[in-house]
Amino acid sequence: MKGKCIIFSAPSGAGKTTIVHSLLEREKRLEFSVSACSRAPRVNERQGVDYYFFTTEQFIEHIENEDFIEYEEVYPGNFYGTLKSEIERIHAKGNHVLFDIDVMGGLNLKKIFGEDALSIFVMPPSIEILKERLIKRGSDQPETIQKRIEKAGWEMQFAVQFDIIIHNHDINEAKEEALKLVLDFLDIKNNPIS
Ligand code: 5GP
């Protein structure tokens, strides 16, 4: 079996990570691609589980060694990237890779993997609701939230370049829609492993 890729991109706070976690619980052949990043861990985030947390210097060293299949400075001073070794690790186990990645990174990966990838954009109901969700989440400082909101409008312009857009008005509906799309793509719709 050739390993496939599922790419989820969205503005921060659109519900992408919640959808990704739900898919990982429900389809065991999907494995999360742990990205590297140079921001500090949030409370409850674990090294090597949520991210490989690098210092900026370490991150730059990996760029210079060409260890990344893609990377972006997603927010000024904060680098995020996908290590080539992470994809190789997951495919070697016979699993499909699930990416939670920013919009530019998502489009870049779709270009690289082509037909072997399904790219999905999660669209929030509105910028106002996105802001409310980010404030409620409580994991970022007000100035970080402001930066994320400013970026969201710009990111939403790229939604049409993805294979599919999921409109997240209701998180449970969005999760079901995502599962169906992914299983259809992987062609294993009648046989999900529980
Ligand atoms: P957060 O700081 O909220 O965890 O993530 C910020 C953004 O960076 C999110 O949109 C997330 O999907 C994105 N991101 C996470 N990993 C990667 C990666 O490997 N490459 C790129 N380009 N973006 C990533």
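For ligands, and for the atoms within them, numbers begin at 1 and follow the listed sequence.
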Visitor: Cation-pi check, K151 to Y75: give yes when NZ or CZ is under 6.0 Å from the six-membered ring centre and within 45° of the ring axis, no otherwise.
Guide: yes
Visitor: Does either side chain, that of N108 or that of E72, offer a donor lying less than 3.5 Å from an acceptor on the other one?
Guide: yes
Visitor: Tell me: protein heavy atom nearest atom 10 (O) of ligand 1, and distance?
Guide: K16 NZ, 2.9 Å
Visitor: For atom 20 (N) of ligand 1, which of E72, E70, K151 has the closest heavy atom?
Guide: E70
Visitor: Pick one of side chain, backbone, both or neither for how R42 approaches ligand 1, counting any non-hydrogen atom pair under 4.0 Å.
Guide: side chain
Visitor: Among protein heavy atoms, which sits nearest to atom 13 (C) of ligand 1, and what does the distance come to when rounded to 0.1 Å?
Guide: D102 N, 3.4 Å
Visitor: Under 6.0 Å from the six-membered ring centre of F68 and within 45° of its axis: does the NZ or CZ of K84 meet both?
Guide: no
Visitor: Would you check the N or O atoms of V74, main chain and side chain alike, for any that come under 3.5 Å of an N or O of ligand 1?
Guide: no
Visitor: Nearest protein heavy-atom contact for atom 4 (O) of ligand 1: which residue, which atom, what distance?
Guide: Y51 OH, 2.5 Å
Visitor: For S9 and F121, indicate whether the former's side chain and the latter's backbone hold a donor-acceptor pair under 3.5 Å.
Guide: no
Visitor: For ligand 1, which is the ligand I care about here, please tell me if S12 has any N or O atom under 3.5 Å from one of the ligand's N or O atoms.
Guide: no
Visitor: Looking only at side chains, do Y52 and E86 share a donor and an acceptor under 3.5 Å apart?
Guide: yes
Visitor: How are the rings of F54 and H62 set to each other: parallel, tilted or perpendicular (split at 30° and 60°)?
Guide: parallel
Visitor: I need the atoms of ligand 1 closer than 4.0 Å to a non-hydrogen atom of S35, numbered in the order shown.
Guide: 16 (N), 17 (C), 18 (C), 19 (O)
